[in-house]
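So the structure is just underneath, and the comments pick up after that.
Quick note: residue numbers are just sequence positions, from 1. As the structure is a computational prediction, the values presented were derived from the model and not from experiment.
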Amino acid sequence: MRKLKQVNHLVGLLRPALEDIQGRHASPVVVDAGSGNAYLGFILYELFFKDAEGGVVLNVEGRPELTQRAKERAARLGFGRMEFQTAHLEGAVWPERIHLLTALHACDTATDDALAVAVQKGADHVAVVPCCQAELAVQLKESKAAVDSTLSLVYQHPWHRREFGSHLTNVLRALTLEAFGYQVTVTELTGWEHSLKNELILGRRVHRDNRQARAKLESLLATYGVRPKLTRLLGVEPAGGAPTTAVTRTPPV
């Protein structure tokens, strides 16, 4: 019931994005990355795609037993334009064009994989609820960056480093989306009593890029001496570092 409440609330927040892509594209492609039991995909299909003339909901999940179970459920329901792929996000085969990408509680750097795909495929909208961010806590511990001695007290203890690393991870994710042309909103998914992993990052692409946000992102990376997976995947370097590698993005259709 907790998961159902989360998904139902997320659907309400996604409604403007879904209405937007269905209004502008004859056959919009929605991808749920790390879909698990595909609860979100089934609800989206029931509400937005079952009676529509076109559109696909692709669910990508690394556990084959969950994919098989979801396939069988879709067949019983007659949801013919629900598609399923068994793959970890790093090795998945993605559509050439994605109009909305979601990732609900994709653990640690799997959220980075999902966001990178959204940027590379020129997704009109993106919605992620990150989970269990551990990567930057290790990098903060090992960082040789000249962080202000007072500021470094914020993450001196391991517990605080995990919490601060988690917060910094999501700040960098939101800023990365802005740098690549997205208008970003960060809010809560649902009440804390239903999930402790409750931060929702929504992005709507409005520009090809944002140089001011890019400069802020590069500066923040340099300040803390960190390189999260998302920035590595998209070729973003800290300020003063090596030249960036241009990200390959599919032109919008």
Side-chain angles (χ1 to χ4, degrees), residues 6 10 13 32-34 36 62 88-90 101-120 123 125-148 151-190 192 195-204 210 212-239 241 244-245 247:
Q6 293 172 43
L10 178 58
L13 294 170
D32 187 18
H88 296 293
L89 301 189
E90 285 184 302
L101 183 139
T102 67
L104 181 58
H105 293 155
C107 197
D108 199 15
T109 58
T111 296
D112 295 304
D113 294 324
L115 289 172
V117 169
V119 171
Q120 291 164 343
H125 298 271
V126 58
V128 299
V129 180
C131 184
C132 304
Q133 302 92 315
E135 182 188 36
L136 287 201
V138 175
Q139 293 187 19
L140 286 168
K141 181 179 180 180
E142 298 175 348
S143 174
K144 302 295 193 266
V147 179
D148 179 270
L151 185 57
S152 66
L153 294 175
V154 172
Y155 54 90
Q156 179 180 11
H157 298 286
W159 177 273
H160 294 154
R161 192 156 52 243
R162 287 194 297 271
E163 292 298 307
F164 182 76
S166 177
H167 177 67
L168 181 59
T169 298
N170 288 342
V171 169
L172 289 167
R173 284 167 172 164
L175 199 50
T176 300
L177 285 175
E178 289 181 12
F180 284 93
Y182 287 82
Q183 184 181 76
V184 176
T185 300
V186 180
T187 184
E188 67 174 10
L189 172 61
T190 186
W192 291 104
S195 175
L196 294 178
K197 306 300 181 182
N198 200 35
E199 186 170 345
L200 171 63
I201 301 174
L202 294 168
R204 179 172 67 93
N210 182 327
Q212 286 186 327
R214 178 72 171 240
K216 292 176 183 178
L217 173 61
E218 293 172 353
S219 177
L220 193 56
L221 293 172
T223 296
Y224 289 101
V226 294
R227 289 290 311 283
K229 187 176 184 182
L230 178 59
T231 61
R232 299 196 308 271
L233 290 172
L234 297 179
V236 180
E237 299 286 344
T244 58
T245 301
V247 61

Kindly give the heavy-atom pair with the smallest separation between [X] and [Y], and that separation in Å.
X      : Y      : value
Ile201 : Pro130 : CD1-CG, 4.1 Å
Leu233 : Ala116 : CD1-CB, 3.7 Å
Glu199 : Val186 : OE2-CG1, 3.4 Å
Ser143 : Tyr224 : OG-O, 2.9 Å
Arg173 : Thr109 : NH2-CA, 4.4 Å
Asn210 : Ala213 : OD1-N, 3.0 Å

Does Thr176 use its side chain to pair, donor to acceptor, with the backbone of Leu172 at less than 3.5 Å?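 Yes; judged by distance alone, with no hydrogens or angles, the pair exists.
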Would the distance check show the side chain of Thr223 and the main-chain N or O of Ser219 forming a donor-acceptor pair, the cut-off being under 3.5 Å?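 Confirmed, Thr223 side chain pairs with Ser219 backbone.
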Check the angle between the aromatic planes of His167 and Phe164 and answer parallel, tilted or perpendicular using the 30° and 60° thresholds.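 His167 vs Phe164 ring planes: tilted.
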Return the [atom1] to [atom2] distance between [X] and [Y], rounded to the nearest 0.5 Å.
X      : Y      : atom1 : atom2 : result
Leu115 : Leu234 : CG    : CG    : 8.5 Å
Gln156 : Lys141 : CD    : NZ    : 13.0 Å
Asp112 : Thr231 : CG    : OG1   : 8.0 Å

Answer whether the closest heavy-atom distance between the side chains of [X] and [Y] falls below 4.5 Å.
X      : Y      : value
Leu168 : Leu220 : yes
His160 : Val154 : no
Val117 : Leu89  : no
Leu136 : Arg161 : no
Phe180 : Val236 : yes
Pro158 : Arg162 : yes
Leu202 : Val184 : no
Lys216 : Leu175 : yes

Only one of Arg227, Arg232, Lys229 forms a salt bridge (charged side-chain N to carboxylate O under 4.0 Å, His left out) with Glu135, so which one is it?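 One option only clears the test, and that one is Arg232.
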Which residue pairs satisfy the salt bridge (Lys or Arg N to Asp or Glu O under 4.0 Å) criterion with at least one member in residues 176-187, sequence neighbours excluded?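 Sorted pair list comes back empty.
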